[in-house]
**Q** 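I have a structure I would like to understand better, so I am pasting it below and will then ask my questions one at a time.
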Amino acid sequence: MTLIIKKFVEEANNLAENQGLEHLRKILEENAPELLERKIKEKREGLPELKNAIQGKVVLRFAPNPNGPLSFGHSRGIVINSEYAKRYGGKWILRFDDTDTVRKPPLPSAYNSIQEEVEWLTGKPPDKIIIASDRIETYYKYASELISKGGAYICTLSAEEFREFRQSKSNSPDRDRSPQENLMLWEKMLNGEFQPGEAVVRIKTDMTLPNPALRDWPALRIQDTKNNPHPRESIKSKYIVWPLLDFQSGIEDYLQGVTHIIRGKDLMDSTRKQTLLYEHFGWKYPETVYWGRVKIHEFGGFSTSGMRNDIKEGKYSGWDDPRLPTIASMQRRGFSPEALRNFWIELALTQKDISASMETIYSHNVKIIDHTSPRLFFVKKPLTLKLIDGLEKIPSVFKTLVHPEDESLGYRTWKLSTEEMNVIIEEEDLELANKNNNKIRLKDFADIQIKENTASIISLKPNEKLPIIHWLDSKNSHDATLEISTENRIELISGKLENSLRLEKNELTQLERIGYAKVENDSKLIFLHD
RNA sequence: GCUCGAUUGGUGUAGUCCGGCCCAUCAUCUCGCCCUUUCGAGGCGAGGACCCGGGUUCGAAUCCCGGAUCGAGCACCA
């Protein structure tokens, strides 16, 4: 049988090789046209489909620690979750996981700033907001329930002592206590009869589990909230027993009916721990997908707490310092939220650790801002040339398009004098002129001949092929600074800016031959990218 | 060390489940050309990749085995 098949396959392969696939196709068309109807593999676009996602029923969440405003990295979680919510007509929850008052104390202002940043990024508020520190008693309830069911116990071993048991795959002596005893100890924990480190609630798993991280993992611990009060006014020192991430997050996901969790792959063990927790309760764990680490080449290693320190020490001017990889900074510099969304969607969802470049973000941003950015002349290192010849040819008004592809945006105009005129060009462009017998074309104006600090108009119409440069008239320009920030320093470039357009604060412009910039005020521009 | 997981051009991705329309997609990048009175935008074109070694098969990026490399977790952080 197989021999017969082999014979025919060989025959077909030979035919294909000798007479081409078209020949085979014809034979098939004649004899068995149904075989030609292939299901065409659809090309995926953007984010991959979520497993078991039902239209209208998807619930997602993103849970940052509010110990600072959002970093660029956070924006991935917000974009991906909100995009999926949109795609499936579901909803997504913004949850503040603020359960560590000691090592990662929340920043009170972050609760609001994060919400604003989310809105800027996605165009609307999240469907729901949850603050973990408001829900401590709920978490207690589930802890008590699990303790009484024998699924958790109070462990009075120190972290170091327990580590021994974890390593040797043997049970903590506290493990065999009865639920009644554990409930009593639980009350003691809540009443403050233990100091931090003296007691912890552990989820019973199996000390022989191959993955050491999962062995009787800790669910709630004691924090000294007298000396380290929670920064929220309504919480402060109200609780001393606090849930750990794996417990808090697991319970909350269940309570909110989260169907899909999208998280970093560093949280893979969290999934496994929480799955064990869900088994105790008989719950079904959400679908989970992971992403890998993202490194942006131009941004070094920044951590939220590190930035917080540096700002405090005055190393940076604030969370929106242009050198910092925060959303606040990118917002201030003038990135379009749509560009950030497109960037993350294009990177998609894989477990690969990736290193991307800012150039990719720039390219996304240009696509969005270019067709609406008014053009402007900004002359760095200005050099003044007195017009000494050809003044009679000058029109009374200079006129050029606000945007080269969109006449509806109008014209930039300025009045010129035939009596006296000083042209301002960039020092660097003088070299360009040098290469062309000291001749150059002033964009939309005239060909000039330069001689020392003077210039003569050769003709208004282009006379020969000369490099075209941007320029200014001294009477129609004013001093301005362009702030360019590179990785670790801020450079202030002084120059001249044209008067013709009065741009509002935060408007984006394209400085011709320089790049895109954001208007801070009349005489200050912040460079975005080229 | 133990436990997970990943590996497609310079950088990201598609395709891998279910082997053959894949001498491998799209974007970015680089380089040409066109257009344009900006070094911008736009248009066209070119460049460049299946981690390695075996195996299965008529046929492997795709399946199997082995190895390498990279990353994460093994916290009373999130």
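Throughout, protein chains are lettered first and strands after them, A, B, ... in sequence-line order, and every chain is numbered starting at 1.
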**Q** Please write out the pairs of protein N or O atoms and N or O atoms of nucleotides 31-34 of chain B separated by less than 3.5 Å, giving the distance to one decimal.
**A**
none

**Q** Can you check the Glu49(A) CD to G15(B) P distance for me, whole Å?
**A**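 Whole-Å distance recorded here is 11 Å.
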
**Q** Say whether Asn228(A) and Gln223(A), considering side chains only, have a donor N or O and an acceptor N or O under 3.5 Å apart.
**A**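 Absent: no donor and acceptor within the cut-off.
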
**Q** Across the strands shown, which category fits Phe377(A) at heavy-atom distances under 4.0 angstrom: base, sugar-phosphate, nothing?
**A**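 Touches nothing.
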
**Q** Whole-Å distance between U13(B) C1' and Ile361(A) CD1?
**A**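 After rounding, the reported distance stands at 16 Å.
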
**Q** Mind checking who U16(B) pairs with, Watson-Crick or G-U wobble, both distances under 3.5 Å?
**A**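 By the stated definition (distances under 3.5 Å), nothing pairs with U16(B).
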
**Q** Taking C51(B) as the reference, what is the distance to A14(B) when you measure between their P atoms (whole Å, please)?
**A**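 Looking at atom P only, A14(B) and C51(B) are 14 Å apart.
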
**Q** Could you let me know what C22(B) is paired to, Watson-Crick or G-U wobble, both distances under 3.5 Å, or none if it's on its own?
**A**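 Pair assignment: C22(B) / none.
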
**Q** Compute the ring centroids of Tyr111(A) and Phe96(A), then answer whether they are less than 6.0 Å apart.
**A**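 Yes, ring centres under 6.0 Å apart.
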
**Q** Find out whether Leu401(A) and Arg375(A) are in side-chain contact, i.e. whether some heavy atom of one side chain is under 4.5 Å from a heavy atom of the other.
**A**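 Side chain of Leu401(A) against side chain of Arg375(A), heavy atoms only: no contact under 4.5 Å found.
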
**Q** Should U57(B) form a Watson-Crick or G-U wobble pair with both distances under 3.5 Å, which nucleotide is its partner?
**A**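 Matched U57(B) with nothing under the 3.5 Å cut-off.
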
**Q** For Gln351(A) and A6(B), give me the distance from atom CD to atom P, rounded to whole Å.
**A**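 Roughly 5 Å, once rounded to whole Å.
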
**Q** Which residues pass the side chain to side chain donor-acceptor pair (under 3.5 Å) test with Arg333(A), not counting sequence neighbours?
**A**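 Partners of Arg333(A) by the side chain to side chain donor-acceptor pair (under 3.5 Å) criterion come out as none, since no residue qualifies.
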
**Q** Rounded to whole Å, please give me the gap between CG in Leu209(A) and P in C4(B).
**A**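 The distance from CG of Leu209(A) to P of C4(B) comes to 10 Å, rounded to the nearest Å.
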
**Q** Look at the side chain of Gln167(A) and the base of G1(B), then say whether one donor and one acceptor between them are separated by less than 3.5 Å.
**A**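 Result: no qualifying N/O pair found.
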
**Q** Rounding to an integer number of Å, can you tell me how far His371(A) NE2 sits from G43(B) C1'?
**A**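 To the nearest whole Å, that distance equals 18 Å.
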
**Q** Say we look at C58(B) and U69(B): how far apart would their C1' atoms be, to the nearest angstrom?
**A**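 So the two C1' atoms sit 34 Å from each other.
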
**Q** What contact category does Val102(A) fall into here, base, sugar-phosphate, or nothing, at under 4.0 angstrom with non-hydrogen atoms?
**A**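 If one applies the 4.0 Å heavy-atom cut-off, Val102(A) turns out to touch nothing in the nucleic acid.
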
**Q** I'd like the C1' distance from C29(B) over to C22(B), given in whole Å.
**A**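 Nearest-Å result for C22(B) against C29(B) at atom C1': 24 Å.
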
**Q** Using atom CE of Met207(A) as one end and atom P of U3(B) as the other, report the distance to the nearest whole Å.
**A**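 Whole-Å distance recorded here is 16 Å.
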
**Q** C33(B) pairs with which nucleotide, Watson-Crick or G-U wobble, both distances below 3.5 Å?
**A**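 Base partner found: G43(B).
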
**Q** Between atom NZ in Lys465(A) and atom C1' in C35(B), what is the gap in whole Å?
**A**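 Answer to the nearest Å: 11 Å.
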
**Q** With heavy atoms under 4.0 Å as the rule, sort Glu405(A) into base, sugar-phosphate or nothing.
**A**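 Here Glu405(A) touches the bases of the nucleic acid.
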
**Q** Does Glu426(A) or Lys352(A) map to a spot on RNA chain B nearer the 5' end, using the closest nucleotide for each?
**A**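 The 5'-side residue here is Lys352(A).
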
**Q** Taking only the C1' atom of each, what is the distance from C23(B) to C34(B) in whole angstrom?
**A**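 Nearest-Å result for C23(B) against C34(B) at atom C1': 30 Å.
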
**Q** Across all strands shown, which nucleotide pairs with C4(B) by Watson-Crick or G-U wobble geometry, both distances under 3.5 Å?
**A**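 Paired with G71(B).
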
**Q** Would you say G40(B) has OP1 or OP2 under 4.0 Å from some side-chain N or O of Ser373(A)?
**A**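 So the side chain of Ser373(A) is outside the cut-off, no N or O lying under 4.0 Å from OP1 or OP2 of G40(B).
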
**Q** Can you tell me how far P in U62(B) sits from the matching atom in C18(B), rounded to whole Å?
**A**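 After rounding to an integer number of Å, I get 14 Å for this pair.
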
**Q** Considering only atom C1', compute the distance from G20(B) to U56(B) and round it to an integer number of Å.
**A**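 Those two atoms are separated by 16 Å.
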
**Q** Could you let me know what G10(B) is paired to, Watson-Crick or G-U wobble, both distances under 3.5 Å, or none if it's on its own?
**A**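 Because both required distances fall under 3.5 Å, G10(B) counts as paired with U28(B).
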
**Q** Are Ser249(A) and Arg61(A) close enough that a side-chain donor and a side-chain acceptor fall under 3.5 Å?
**A**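 A pair is found: one side chain offers a donor N or O, the other an acceptor, under 3.5 Å apart.
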
**Q** Quick check: do Val366(A) and His529(A) have side-chain heavy atoms less than 4.5 Å from each other?
**A**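 A side-chain contact exists here, since the closest heavy-atom pair is under 4.5 Å.
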
**Q** Measuring from Arg202(A):CZ to Ile154(A):CD1, what's the distance to the nearest 0.5 Å?
**A**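 Answer rounded to 0.5 Å: 11.0 Å.
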
**Q** Could you tell me the separation between the CG atom of Asn81(A) and the CD1 atom of Ile261(A), rounded to the nearest 0.5 Å?
**A**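 It comes to 10.0 Å.
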
**Q** Is there a Watson-Crick or G-U wobble partner for C77(B) with both distances under 3.5 Å, and which nucleotide is it?
**A**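 WC or wobble partner does not exist here.
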
**Q** Could you tell me whether Asp473(A) and Lys496(A) have a side-chain N and a carboxylate O separated by less than 4.0 Å?
**A**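 So Asp473(A) does not pair with Lys496(A) through a salt bridge.
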
**Q** For a quick check, with a 4.0 angstrom heavy-atom cut-off, what is the B/S/- contact string for nucleotides 71-78 of chain B, read 5' to 3'?
**A** SSSSBBBB

**Q** Across the strands shown, which category fits Thr360(A) at heavy-atom distances under 4.0 angstrom: base, sugar-phosphate, nothing?
**A**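 Sugar-phosphate, no base atom in range.
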
**Q** Please give, in whole Å, the distance from U36(B) P to Asp406(A) CG?
**A**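 Interatomic distance, CG of Asp406(A) to P of U36(B): 18 Å.
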
**Q** Side chain of Lys367(A): nearest nucleotide among U3(B), A27(B), U13(B)?
**A**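 The answer is A27(B), which lies nearest to the side chain.
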
**Q** Using the P atom as the point on both nucleotides, what is the distance between G53(B) and A41(B), in whole Å?
**A**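 Result for the P pair: 41 Å, nearest Å.
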
**Q** Going by the angle between their ring planes, with limits at 30° and 60°, are Phe445(A) and Phe398(A) parallel, tilted or perpendicular?
**A**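 Correct class here is perpendicular.
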
**Q** What integer number of Å spans the C1' atoms of G55(B) and U11(B)?
**A**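 It comes out at 34 Å once rounded to the nearest Å.
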
**Q** Can Glu252(A) and Arg95(A) be counted as an ion pair, charged N to O under 4.0 angstrom?
**A**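 Looking at Glu252(A) and Arg95(A), the cut-off is not met.
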
**Q** State whether the distance check finds a donor on one side and an acceptor on the other, under 3.5 Å, for side chain Gln510(A) versus base U38(B).
**A**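 Between U38(B) and Gln510(A), which were checked side chain against base, a qualifying N/O pair under 3.5 Å is present.
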
**Q** Fit a plane to each ring of Phe343(A) and Phe72(A), take the angle between them on a 0 to 90° scale, and name the class: parallel (under 30°), tilted (30 to 60°) or perpendicular (over 60°).
**A**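 Answer is tilted, since the angle falls between 30° and 60°.
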
